[in-house]
Amino acid sequence: MPTSQPDSPSPFEDTATPDALLHTGSDGAVSPEDLVLAAGRDVTPKNLAWAERKLAEEGPLAIEKLLP
């Protein structure tokens with residue numbers, strides 16, 4: 001029976017967005033890409049358009065609703 005190795009990465013480590021790529025509006029401008037990634041979506045033209053509308057309506061605080 002196989003056992004997990006303590007040094008082997010979890011399946012989510014390879015697909016998770018690094019913390020350095022996610023930031024809130026408190027330390028800089030929030031881009032549509034930031035909002036898409038914070039929502040857990042893929043960066044696609046449709047999702048970028050959604051993020052642009054959201055930022056236009058709510059401003060940089062839109063990301064604060066998505067991040068803890």
Side-chain angles (χ1 to χ4, degrees):
M1 180 157 119
T3 59
S4 63
Q5 300 295 321
D7 294 335
S8 64
S10 75
F12 298 107
E13 288 180 350
D14 292 335
T15 59
T17 302
D19 290 343
L21 294 180
L22 295 176
H23 57 81
T24 64
S26 63
D27 62 347
V30 177
S31 70
E33 290 85 358
D34 294 332
L35 196 58
V36 169
L37 293 173
R41 299 178 179 189
D42 292 329
V43 179
T44 64
K46 180 180 176 181
N47 290 337
L48 288 172
W50 165 82
E52 288 170 358
R53 285 191 309 274
K54 195 95 165 139
L55 286 171
E57 293 170 6
E58 300 177 22
L61 293 178
I63 200 165
E64 298 297 335
K65 296 178 180 179
L66 298 172
L67 297 176

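These numbers come from the heavy atoms of this one structure, side chains and all, not from hydrogens, waters or symmetry mates.
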With rounding to the nearest 0.5 Å, note down the distance linking CD1 in Ile63 to CG in Leu37. 8.5 Å
Inter- and intrachain pairs under salt bridge (charged side-chain N to carboxylate O under 4.0 Å, His left out), touching residues 41-50, at least two apart: none
Contact summary for Ala29 and Asp34, nearest pair of heavy atoms: O-OD2, 3.8 Å
Those residues that, when tested against Ala62, pass side-chain contact (heavy atoms from CB on, under 4.5 Å) (two or more places apart): Leu35, Lys54, Leu55, Glu58
Go through the structure and list residues passing side-chain contact (heavy atoms from CB on, under 4.5 Å) with Leu48, not counting sequence neighbours. Pro32, Glu33, Val36, Val43
